[in-house]
2 protein chains.
Amino acid sequence: MPKDRAPTRIQQKNRAAILDAALNVFSAHGYRGATVDQIATEAGLSKPNLLYYFPSKEAIHTALLTGLLEVWLAPLHELDENGEPLEEILSYVRRKLEMSRDLPRESRLFANELVQGAPRIHDALSSDLKKLVDEKTAILTRWMDQGKIARLHPYHLIFSIWALTQHYADFDVQVRAILGDEDPFEGAETFVDTLYRKLLTP
Amino acid sequence: MPKDRAPTRIQQKNRAAILDAALNVFSAHGYRGATVDQIATEAGLSKPNLLYYFPSKEAIHTALLTGLLEVWLAPLHELDENGEPLEEILSYVRRKLEMSRDLPRESRLFANELVQGAPRIHDALSSDLKKLVDEKTAILTRWMDQGKIARLHPYHLIFSIWALTQHYADFDVQVRAILGDEDPFEGAETFVDTLYRKLLTP
DNA sequence: CGTGAGTTTGACCAGATGGTCAAATCAAGA
DNA sequence: TCTTGATTTGACCATCTGGTCAAACTCACG
């Protein structure tokens with residue numbers, strides 16, 4: 001394993017290639033379904049070479065998840081108390097939907113992990129995620145108190161946004177099996193827009 | 001393997017035990033993450049004994065999925081053109097939510113399969129499921145034409161129901177990490193009820 | 001009972017898989 | 001160029017896993 005000095009050019013390139021390959025493989029097959037060989041091949045390395053950069057399969061998975069959790073929660077971070085309530089929420093929804101369209105692998109990585117009980121990120125859920133959600137639901141509640149949006153259960157409001165937007169990435173095959181050639185995201189965008197406008201209008 | 005006569009008492013009992021154990025294991029770990037030994041132990045059988053009843057791991061999985069697809073689609077089947085539109089849709093939503101609460105293993109079984117690209121039920125999706133959905137969206141469209149419910153993209157309306165209801169079973173850990181002790185389904189029920197009332201009112 | 005079909009199991013196998021290691025190769029600074 | 005640390009690899013290992021098989025056991029029924 002490389003000493004912990006400043007990473008060399010090669011180290012940067014290879015670690016990035018490994019994480020990208022791992023994202024492909026883990027998101028498509030889940031943790032257990034992914035093989036180190038597959039990741040190595042996809043990253044253009046031999047298996048021992050890959051294990052020179054990461055000590056184990058699990059280490060790759062953990063590095064991926066923790067690295068992406070930040071990306072994953074960014075849209076919610078941006079929800080701004082000082083903005084116009086309805087517009088703030090709608091653009092959060094829009095950002096989440098864009099992530100489903102542009103980063104479906106990331107969405108499925110988390111979906112795989114969550115649907116199997118989140119054995120490897122359970123802690124992050126009940127600390128980081130919970131904290132962020134509590135912070136933002138407080139804002140939503142204040143908006144409701146001020147009569148700026150309809151009164152709803154704030155947690156379930158957040159859940160609904162996650163469910164509606166991530167559905168298009170996570171269950172992509174199903175969506176496409178039903179829609180055929182139609183682009184899922186065009187319809188989805190106007191649908192969720194209408195939905196939250198109607199729902200949130202007091 | 002047993003001859004194809006009428007199944008004996010033992011055969012019935014063991015096949016049922018195997019399928020129930022398999023539902024536990026597959027829904028919790030996905031196809032690849034499940035092991036035959038685990039299923040056998042959970043069913044109270046030895047591995048060779050299990051393989052006396054089902055020829056392979058995949059056969060168990062297929063038997064499960066095909067057997068449960070029917071159960072899974074039943075609520076949508078019940079959507080009745082002759083009923084009162086809003087109430088019909090609301091009770092469909094309610095039935096789906098009840099399934100998430102009462103049959104979370106089934107929900108996660110399909111979620112696992114779908115999120116990984118549905119390699120084993122792709123056909124059923126684009127034939128049976130597609131057919132059923134087309135049939136029911138036609139009803140929805142007619143209701144919209146008659147001005148009985150708001151005009152929306154019917155496919156995305158169905159997707160939204162699936163997403164909102166199954167979310168509580170599939171991502172149960174996440175939901176509970178955020179809600180703490182609060183019962184997810186109580187809040188969910190009133191939330192989705194409000195949501196679809198507002199959304200569907202023309 | 002006895003007998004034949006139905007049921008169960010211990011021992012075993014082949015392939016897949018995560019991971020190790022010593023040796024070989026490469027790259028950059030002195 | 002030479003040296004030293006970084007990088008790469010072929011060979012190898014232990015374990016897990018799906019699946020097989022022949023032998024043993026059990027049960028219903030004549």
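To find a chain, count down the sequence lines: A is the first, B the second, and so on, and within it residues start at 1. All figures in this text were calculated on a predicted structure; none of them were measured in a lab.
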Across the strands shown, which category fits A34(B) at heavy-atom distances under 4.0 angstrom: base, sugar-phosphate, nothing?
sugar-phosphate

Y155(B) and D134(B): side-chain donor and acceptor closer than 3.5 Å?
yes

Given atom CD1 of I39(B) and atom P of dG18(D), what is their separation to the nearest angstrom?
8 Å

State the CG-NZ distance between L140(B) and K148(B), to the nearest 0.5 angstrom.
13.0 Å

Could you work out which one of dA6(D), dG19(D), dT8(C) sits closest to the side chain of Y52(B)?
dT8(C)

CD of Q12(B) versus C1' of dT7(C): gap in Å, rounded?
16 Å

Could you tell me the separation between the CZ atom of F54(A) and the P atom of dG18(C), rounded to a whole number of Å?
16 Å

May I ask you to check whether Y168(A) and H156(B) place their ring centres under 6.0 Å from each other?
yes

Quick one: which of dT17(C), dG19(D), dT7(C) gets closest to the side chain of V36(B)?
dG19(D)

Check whether any side-chain heavy atom of W143(B) lies under 4.5 Å from a side-chain heavy atom of E88(B), and answer yes or no.
yes

Is the ring centre of H61(B) less than 6.0 Å from the ring centre of Y31(B)?
yes

Could you tell me how far apart I18(A) (CD1) and dT8(D) (C1') are, to the nearest whole angstrom?
12 Å

So, is R32(B) near the phosphate of dA16(C), with a side-chain N or O under 4.0 Å from OP1 or OP2?
no

With DNA chain D as reference, determine whether E58(B) or N14(A) sits nearer its 5' end, using the nearest nucleotide of each.
N14(A)

Rounded to the nearest Å, what distance is computed from the CG atom of residue L45(A) to the C1' atom of nucleotide dT7(D)?
10 Å

Tell me the interatomic distance from R15(A), atom CZ, to dT7(D), atom C1', rounded to whole angstroms.
14 Å

With side chains defined as the heavy atoms from C-beta onward, is the minimum distance between Q38(B) and H29(B) less than 4.5 Å?
yes

If you count the non-hydrogen atoms of other residues, nucleotides and ligands that lie under 6.0 Å from CD in E70(B), is the total more than 12?
no

Length of the line joining Y53(B):OH and dT9(C):C1', which is rounded to integer Å
13 Å

If you check the K57(A) side chain, which of dT17(D), dG19(C), dT9(C) turns out closest?
dG19(C)

Return no unless some side-chain N or O of N49(B) is found under 4.0 Å from OP1 or OP2 of dT7(C).
no

dT7(C) OP1/OP2 closer than 4.0 Å to side-chain N/O of Q11(B)
yes

Is S56(B) close enough to dG18(D) that one of its side-chain N or O atoms is under 4.0 Å from OP1 or OP2 there?
no

Heavy-atom contacts, protein to nucleotides 20-30 of chain C, under 4.0 Å, summarised as B (base), S (sugar-phosphate only) or - (none) per nt, yield BB------S--

Taken to the nearest whole Å, CG/L50(B) to C1'/dG19(D) is 11 Å

